[in-house]
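So that the names make sense, note that chain A is the first sequence line, chain B the second, and so on, each numbered from 1.
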There are 2 protein chains.
Amino acid sequence: MESRVNKPQGKRDPEGVREDILRVAMQEFSENGLSGARIDEIAAKTRTSKRMIYYYFGDKEGLYTRVLEEAYRHVRGDEADLELDTLDPIEALDRLARFTFHHHRQNPAFIRMVMIENIHHGQYIERSQSIRELNRPAIEKLQSLLARGQRDGVFRPDIDALELHWQISALSFFNVSNRATFSHIFGQSLWADEAHDTLSRHVAAMVLRYVSKLEALARRGDG
Amino acid sequence: MESRVNKPQGKRDPEGVREDILRVAMQEFSENGLSGARIDEIAAKTRTSKRMIYYYFGDKEGLYTRVLEEAYRHVRGDEADLELDTLDPIEALDRLARFTFHHHRQNPAFIRMVMIENIHHGQYIERSQSIRELNRPAIEKLQSLLARGQRDGVFRPDIDALELHWQISALSFFNVSNRATFSHIFGQSLWADEAHDTLSRHVAAMVLRYVSKLEALARRGDG
DNA sequence: ATCATTTTGTACTAACAGGTTAAAACATAT
DNA sequence: ATATGTTTTAACCTGTTAGTACAAAATGAT
C-alpha cells in the first residue's frame, strides 16, 4: 500500500531493504509463528539475502521483535482519523465500536502477531517501550468521550474507560482470532459477509446498552 | 486430579503410559505451540521413552491432535453440572456468563491450545468430529434458556443463541488469551484478584443488559 | 583518494529434532 | 511349553536450521 516515497536512483537502498525484509518477515511470522517461521524462507522471499537479515536485525528474535512493533505501529496509525470529538457521545461510541470491530477484521496479520506474542507470554513486547506509548492515547480518548457522555447524563457514571476498551477489544479481537475453531464447531454463519454488518451492529449495541443510562435508552427506544 | 483407578500390578500399563504421555504433551504443547514443543522434551518428562510416543501416536501431529481433543473434552465436562433449568432465566444467564468467565480463567492450558490451533487455521481440529459434538449442546441449552426468558417477556425476542454464545465466549476468552500483551500496554489492574470479581460481574451485566427488555431492566433497577 | 557503510556470495558448522531399526521382554492363550 | 501378538528398551540415522566465516566488492559522502 504505502511504498517509500524517495527511492534512491543508485543501487543502494538500505531503508528499502529493511522495509522489504520487515514486510516479508511479517508475512512469515504472522503465518507460522516465531518458531514456525524460517529465516531461509524469509530470505528467499525478499529481494535481498539471508546475510542482510542478520546484518540489519542481528538474529531471529531481533527480527521478530521489530516485526511486532511494526504491526502495532501500522495498525494504530489508522485509528487517529476517527474525529470522535465532533460527534455526540452516543454516536461517537457507536462509531468507535464499529470501527474497532471492522478494523480488526481488516488486519488479520496484526491479530495473529498479537496472538503469537501472547503465546510467548509477551516476552518480546516487554522489551518495547514504543508499543506502550502507541496504545495509551486510545484510553485517554475513550476516557474523555465517556466523560462527555456522563456530563450529558446519557452514560452511567461508574463506567471505567480501561475496562470498556477491554470489552470492545475482546469482542473485536475474538471475532478474528478464534474464527477457525469457532466456525469449525458452530458453522460459518457468523462470518458470512452479510453477517459481518449485523454482528458489528450488535457489538456496538451491546456496548451502548452497557454504557447508557436506562432513560437514555428508553428515549432512543431500541427494544 | 483424576488418576487412573485400576493400576495393574505388573510392569506393563499401556493405558497409564498413554495418559502419562498426553498429560505431559498437553503441558508442552500448550506452553510452546506445535512447532515450539519438542518431542525429546516431552519424552524426557514422561516415565516412558520417545519410542513409545511414536508407538501410540504415530507422529508429532498425531499427538498434538489427540492433545487438542483431550483439552476440549476435559473442559467441556465441567459445564454439564450447571443446572440452569432450575433457575429463572435472568439468574441462569447471569450464572452462565460468570461461570464461563471464571472457568476460562481457571483453564489457561485449554485457552492456549485453542489459540495455537487457531494460529494453525484450525487444520487439526478439522479432523476431529468429536470436538464438534462436544460443543454443540451448549448452544441448545442457551437456546432453550433464551426461549424461556422470551416467553416470560424479560428477554428481547430477536436475540440469537449462537451469537450470544459467541459474545460470552469472546469476553471470557480474551481475558485469558490476551492478558500478556494487554497488561503490558495498560497495566495489571484488570488482573488483580479483586478485579476478577468485578470484571466477571460486569461481563455478566453487559450480557444481561444486552439480552433484557428495557422494562425488565427498569424493574430490576440497575442503573 | 579516503573511508565507512552497504551488498553479494558461497560454503560451512554444530546443534538439533523428528523419526526409525531391530530386537528383547512380557502377557496370554493353547 | 510354545506360539503369538503386544509393549518396551536402547542405539541410531538423516534432514533441517539458525547462525557464521571469510572474502571481496560496490557505493556514496567528504
Side-chain angles (χ1 to χ4, degrees), chain A residues 4-68 116 119-120 123-124 127, chain B residues 4 6-68 116 120 123-124 127:
Chain A
R4 304 187 49 262
V5 239
N6 289 323
K7 281 182 187 158
Q9 29 266 55
K11 285 186 177 178
R12 287 187 159 191
D13 183 13
E15 263 316 299
V17 168
R18 280 181 69 99
E19 285 173 18
D20 185 37
I21 294 172
L22 280 176
R23 187 181 50 78
V24 174
M26 168 101 67
Q27 166 73 28
E28 291 295 306
F29 279 126
S30 74
E31 194 57 33
N32 305 108
L34 173 53
S35 53
R38 299 285 163 246
I39 294 284
D40 286 303
E41 186 66 21
I42 294 171
K45 289 182 178 170
T46 61
R47 59 173 139 95
T48 180
S49 65
K50 177 158 98 162
R51 189 66 194 79
M52 291 306 284
I53 295 176
Y54 287 98
Y55 180 68
Y56 281 121
F57 299 98
D59 58 10
K60 197 185 187 183
E61 297 191 349
L63 179 57
Y64 169 84
T65 306
R66 279 306 321 275
V67 166
L68 186 65
I116 289 162
I119 288 295
H120 292 285
Q123 67 176 287
Y124 300 98
R127 303 174 188 171
Chain B
R4 299 184 57 263
N6 290 323
K7 280 181 187 160
Q9 31 265 58
K11 287 185 177 177
R12 289 185 158 192
D13 183 12
E15 261 317 298
V17 168
R18 280 181 70 100
E19 286 172 19
D20 187 35
I21 294 172
L22 279 177
R23 187 180 49 78
V24 175
M26 169 101 65
Q27 166 71 31
E28 291 296 306
F29 279 127
S30 74
E31 195 56 34
N32 306 109
L34 173 52
S35 53
R38 298 287 165 244
I39 294 285
D40 285 303
E41 186 66 19
I42 293 171
K45 290 183 177 169
T46 61
R47 59 172 139 98
T48 179
S49 66
K50 177 157 94 163
R51 186 63 188 83
M52 293 304 287
I53 294 175
Y54 288 97
Y55 180 68
Y56 282 121
F57 300 99
D59 58 10
K60 195 185 188 183
E61 298 191 349
L63 177 59
Y64 169 84
T65 307
R66 279 306 321 276
V67 166
L68 186 64
I116 289 162
H120 293 285
Q123 67 175 285
Y124 300 97
R127 302 175 189 169

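- The NZ-P distance, from Lys50(B) to dC16(C), rounds to 13 Å in whole Å.
- With rounding to whole Å, Asp40(A) atom CG is found 13 Å from dG15(D) atom C1'.
- For Arg51(A), counting side-chain heavy atoms from C-beta on, the closest listed nucleotide (dT8(C), dT20(C), dT8(D)) is dT8(C).
- Rounded to an integer number of Å, the gap from Phe29(B) CZ to dG18(C) C1' is 11 Å.
- In this structure, CZ of Arg47(B) is placed 13 Å from C1' of dT7(D), rounded to the nearest angstrom.
- The shortest side-chain heavy-atom distance between Met26(A) and Arg23(A) does not fall under the 4.5 Å cut-off.
- No contact: Phe57(A) has no heavy atom under 4.0 Å from any strand.
- For Thr48(A) and dT8(C), the shortest distance from a side-chain N or O to OP1 or OP2 is below 4.0 Å.
- Considering only heavy atoms from C-beta on, Phe29(A) stays 4.5 Å or farther from Ile116(A) through its side chain.
- In this structure, Tyr55(B) atom OH and dA24(C) atom P are separated by 17 Å, rounded to whole Å.
- Residue Lys60(A) is tested with Thr65(A), Ile39(A), Ile53(A) for a side chain to side chain contact (heavy atoms under 4.5 Å, CB included); the sole match is Ile39(A).
- For the pair Met52(B) CE and dT6(D) P, the computed distance is 13 Å after rounding to whole Å.
- Within the nucleic acid shown, Ala37(B) comes within 4.0 Å of sugar-phosphate atoms alone, with no base atom in reach, counting heavy atoms only.
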